[in-house]
Amino acid sequence: MKFITFNLYVVRHGQTYFNVYNRLQGWSDAPLTEKGISGAEKTAEKLTNMRFTAAYCSDTTRAMKTAKIILDRNTADSVKEPTVSSYLRGEFYGYYEGSDLEQSWYAAGAPHGLPTFKDIVSKYSLGKAMDFLKEADPFHQAESNQEYWKRWDQGLDLIRNDKNIHDGDNVLLISHANAVLSLVERFGEGKYDITEPPANGSLTKLEVSNNHVKVIDYNVQ
């Protein structure tokens with residue numbers, strides 16, 4: 001395999017109705033709001049002159065719609081359509097899909113004396129928050145940290161193995177708040193605050209090679 005290093009620009013999708021209602025929406029889907037569409041358009045403006053040799057997004061409508069807005073407005077001879085993959089979804093919240101965000105994290109953390117998402121992540125990690133939520137799920141179908149990364153490692157390999165990507169290229173990825181936080185926790189060397197979600201439409205830049213990932217910038221708005 002040829003050794004290459006490329007730039008991966010990770011965009012959180014535009015605002016959805018579930019974002020407005022403060023509900024967990026890992027594998028659940030909710031359409032973009034008008035604000036979400038305009039926010040994606042603003043992100044597109046920032047990236048309009050950047051050439052992307054490849055683009056990826058999760059198979060949720062909010063990610064695909066955001067990707068379409070960004071690529072349709074790009075003027076730098078970028079790829080026209082994203083590769084869509086379920087590997088690139090956010091965390092699966094199991095029983096808590098679509099539930100009130102604060103109440104769900106209370107159910108996960110309260111048995112451990114940690115009533116909020118921020119409390120759990122501050123004391124332990126985002127990965128531990130996933131494990132606590134799976135533990136609290138009466139069906140135990142929410143993804144654990146290990147299950148989540150088994151899937152996402154396949155997603156990263158999918159991108160790395162794209163033959164259209166060459167050394168120094170720019171690649172676009174539209175994903176989700178939890179996915180961005182997870183990438184930053186794992187590859188950010190502890191430099192960034194991951195107790196709060198990145199903004200809708202924000203940019204996080206990663207440097208990716210065959211065997212290394214590094215966070216260059218996080219939550220640029």
Side-chain angles (χ1 to χ4, degrees), residues 4-16 18-19 25-26 32-85 87-91 121 126 152 155-156 158-160 162 164-165 167-209 212-221:
I4 63 169
T5 299
F6 59 91
N7 302 309
L8 184 64
Y9 288 86
V10 186
V11 177
R12 185 187 177 193
H13 61 77
Q15 183 197 71
T16 70
F18 270 22
N19 292 147
Q25 59 172 345
L32 298 184
T33 62
E34 289 300 317
K35 181 179 178 180
I37 293 171
S38 64
E41 290 171 345
K42 290 178 181 177
T43 304
E45 290 175 10
K46 297 175 185 176
L47 299 173
T48 187
N49 296 317
M50 181 172 291
R51 183 173 184 268
F52 294 105
T53 55
Y56 286 82
C57 68
S58 78
D59 60 348
T60 61
T61 58
R62 60 191 184 275
M64 291 188 287
K65 176 67 172 179
T66 302
K68 178 174 176 54
I69 290 171
I70 292 174
L71 293 175
D72 281 354
R73 285 161 176 74
N74 188 273
T75 62
D77 193 31
S78 292
V79 63
K80 301 303 181 186
E81 298 288 340
T83 298
V84 178
S85 174
Y87 293 149
L88 302 172
R89 294 176 184 174
E91 176 188 357
V121 176
L126 178 59
W152 253 87
L156 290 175
L158 177 68
I159 299 172
R160 282 192 178 105
D162 188 329
N164 294 316
I165 301 174
D167 195 55
D169 280 354
N170 299 316
V171 178
L172 179 67
L173 169 60
I174 311 299
S175 197
H176 307 271
N178 179 274
V180 176
L181 290 176
S182 296
L183 289 166
V184 172
E185 178 173 71
R186 185 174 181 181
F187 303 116
E189 301 175 337
K191 297 178 181 178
Y192 305 95
D193 179 14
I194 59 165
T195 62
E196 299 288 344
N200 291 105
S202 64
L203 286 165
T204 295
K205 182 181 177 182
L206 307 180
E207 181 183 88
V208 181
S209 67
H212 180 72
V213 179
K214 181 180 180 181
V215 178
I216 303 300
D217 216 344
Y218 168 59
N219 195 25
V220 177
Q221 301 174 44

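In this chain, numbering begins with 1 at the start of the sequence shown. Just so you know, these numbers come straight off a predicted model, no measurement behind them.
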Measuring only between side-chain heavy atoms, which start at C-beta, is Asn178 closer than 4.5 Å to Leu126?
yes
If you compare all heavy atoms of Pro197 against all heavy atoms of Arg12, which two are closest, and at what distance to 0.1 Å?
CB-NH1, 4.4 Å
Verdict with reasoning, Val208 to Ile159, per side chain to side chain contact (heavy atoms under 4.5 Å, CB included):
CA-CA 10 Å; Val208 181; Ile159 299 172; over 6 Å; no
Given 3.5 Å as the limit, does a donor-acceptor pair link the side chain of Arg62 with the main chain of Gln15, or not?
no
Can you name the one residue among Ile70, Val84, Leu88 that meets side-chain contact (heavy atoms from CB on, under 4.5 Å) with Ile174?
Ile70
Show your reasoning for whether side-chain hydrogen bond (donor to acceptor under 3.5 Å, both in side chains) applies to Asn164 and Thr53.
CA-CA 7 Å; Asn164 294 316; Thr53 55; over 6 Å; no
Beyond-backbone contact of Leu203 with Asp217, side-chain heavy atoms, under 4.5 angstrom
no
Does any non-hydrogen side-chain atom of Leu8 lie less than 4.5 Å from one of Val10?
yes
Report yes if the side chains of His176 and Gln25 come closer than 4.5 Å at any heavy-atom pair, otherwise no.
no
Could you tell me whether the side chain of Lys65 and the main chain of Ile37 form a donor-acceptor pair under 3.5 Å?
no
Value rounded to 0.5 Å, distance of CG in Leu206 from CG in Leu156:
8.5 Å
Considering residues, nucleotides and ligands other than Lys68, do more than 12 of their heavy atoms fall under 6.0 Å from its NZ?
no
Should Glu81 and Leu71 count as side-chain neighbours, where that means a heavy-atom distance under 4.5 Å?
no
Can you confirm whether Val184 sits close enough to Leu181 that some side-chain heavy atom of one is under 4.5 Å from a side-chain heavy atom of the other?
no
Counting only N and O atoms by type, is there a donor-acceptor contact under 3.5 Å from the side chain of Thr66 to the main-chain atoms of Ala40?
no
Side chains of Tyr192 and Asn219: donor-acceptor distance under 3.5 Å anywhere?
no
Flag side-chain contact, heavy atom, 4.5 Å: Arg89 against Asp59
yes
Whether the side chain of Ser58 engages the backbone of Ala63 through a donor-acceptor N/O pair (distance < 3.5 Å, no angle test) should be reported.
no
Side chains of Asp167 and Thr5 in contact at under 4.5 Å (non-hydrogen atoms)
yes
